[in-house]
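Taking it in order: structure first as structure tokens, then the write-up.
For ligands, and for the atoms within them, numbers begin at 1 and follow the listed sequence.
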Amino acid sequence: MIPYGHQSIDDSDINEVIKVLKSNWLTQGPKVLEFEKALAKYCGVKYAIAVSNGTAALHLAYLTAGLKKGDEVMVTPNTFASVVNMLLVVGVKPVFCDIRLDTYNIDESKIEKLITKKTKAIIPLHFAGHSCEMDAIREIAKKNNLIVIEDACHGLGGRYKDKKIGSLANMSILSFHPVKPITTGEGGAILTNNQKYYKKLISLRSHGIYKDKKGKNVMTELGFNYRLTDFQAALGLSQLKKLNKFIQKRRQIAKWYQKELKNIKEIILPVELPDSYAGWHIYVIRTKDSRSRDNLMEYLKKNRVGANFHYPAVYSHPYYQKHGFKNFKFKNEDIYQKSCLTLPCYTQLVRADICYIGKLIKNYFNK
Ligand SMILES: *Cc1c(COP(=O)(O)O)cnc(C)c1O
């Protein structure tokens with residue numbers, strides 16, 4: 001089976017992890033600090049706070065932004081459920097905004113109409129590694145006094161104009177799950193230039209406890225244990241060194257797909273807009289006839305290609321349906337839902353894999 005995504009781990013990664021495992025320090029320690037510094041430097045921000053996973057990063061960012069019961073936050077329905085789950089956990093009402101049909105990102109032209117007195121933040125996701133229109137989004141945020149929390153889980157390694165994804169908002173969220181641009185097994189981070197946010201995030205990550213002047217542990221906030229281990233950070237550091245190479249390979253794969261698939265008139269290929277240098281976290285095509293999507297997916301799976309679906313609209317999940325998130329109608333999201341299909345994209349794929357997948361899709365439509 002060719003999965004839709006896969007980590008890329010080599011001996012240099014493994015050796016770095018072993019070194020830490022043989023040391024005296026396994027939990028958060030010097031390697032986490034080193035990893036944070038390297039991440040911040042890579043993205044061009046002041047602070048990075050490593051945490052146990054991307055969902056923990058979202059949770060802490062929401063609390064740090066002061067989001068609470070009664071607030072509204074603008075989100076894209078085309079995202080991973082945990083982005084919205086954590087909003088519900090802190091009591092916030094998610095307000096879904098339609099997507100664009102070229103990048104499948106939040107449609108910035110539809111945000112302002114949805115803003116109310118209760119709106120506190122916008123969470124743009126750079127879907128599949130293609131940057132959102134951040135100038136427009138930040139302009140709207142400034143005008144309406146909103147915080148921007150950038151979901152950069154797909155986007156690490158990519159750029160918007162001349163700026164790195166991860167540096168485009170008040171806070172940016174990363175995940176290091178194995179299918180993401182780099183991995184630490186489980187893992188995540190928050191990036192920010194704001195020192196106040198940084199201090200709050202550090203505290204919340206570790207029980208809200210700090211050492212006072214006398215060296216006594218004092219708890220001043222209701223915090224969590226969302227720490228990353230030092231051996232995971234060693235893996236992250238080693239992976240980060242290879243990130244630019246990983247992205248180059250992913251961009252190569254996208255080019256191969258473009259070549260193999262461009263003459264198949266039954267499908268729509270993803271596009272990279274001029275302001276975006278995309279990391280191609282996933283490669284999403286759409287079928288022009290929505291009736292063929294499910295069958296094409298089945299056909300690919302039968303032939304050992306792990307085609308996938310990113311994402312079922314967050315509000316379509318049974319939990320959301322049960323909790324009143326019903327009867328949404330979005331022009332573009334509804335079209336997207338019925339037609340999208342994710343093809344495999346990860347660094348170990350070779351030209352022959354892409355040719356094979358291309359042939360399968362051609363065969364499917366020529367049957
Ligand atoms: C992976 C992902 C997350 C959550 O990250 P975890 O590390 O799996 O908790 C959040 N948002 C998006 C868009 C993701 O892809």
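Crowding of Lys245 atom NZ: a count of heavy atoms from other residues, nucleotides or ligands under 6.0 Å not exceeding 12.
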Check residues 324-334 and write down every donor-acceptor pair under 3.5 Å in which the side-chain atom is one partner and the other belongs to a residue at least two apart or another chain.
from, atom 1, to, atom 2, distance (Å)
Asn332, ND2, Ile99, O, 2.8
Glu333, OE2, Gln337, NE2, 2.7
Asp334, OD2, Phe330, N, 3.1

If you look only at distance, which donor and acceptor atoms sit under 3.5 Å apart when one is on a side chain in residues 252-271 and the other is two or more places apart or in another chain?
from, atom 1, to, atom 2, distance (Å)
Tyr257, OH, Pro344, O, 2.6
Glu260, OE2, Arg351, NH2, 3.2

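Ser206 places no side-chain N or O within 3.5 Å of a backbone atom of Ser203 that could act as its donor or acceptor partner.
Aromatic ring centres of His154 and Phe127 lie closer together than 6.0 Å.
Listed by chain and number, the residues in a salt bridge (charged side-chain N to carboxylate O under 4.0 Å, His left out) with Asp212 amount to none (sequence neighbours excluded).
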One pair per line, please: each N/O atom of ligand 1 matched with every protein N/O atom under 3.5 Å away, atom names first, then the distance to 0.1 Å.
from, atom 1, to, atom 2, distance (Å)
ligand 1, 5 (O), Ser175, OG, 3.3
ligand 1, 7 (O), Gly54, N, 2.7
ligand 1, 7 (O), Ser175, OG, 2.7
ligand 1, 9 (O), Gly54, N, 3.3
ligand 1, 9 (O), Thr55, N, 2.9
ligand 1, 9 (O), Thr55, OG1, 2.6
ligand 1, 11 (N), Asp151, OD2, 3.0
ligand 1, 15 (O), His154, NE2, 3.0
ligand 1, 15 (O), Lys180, NZ, 2.9
ligand 1, 15 (O), Tyr311, OH, 3.3

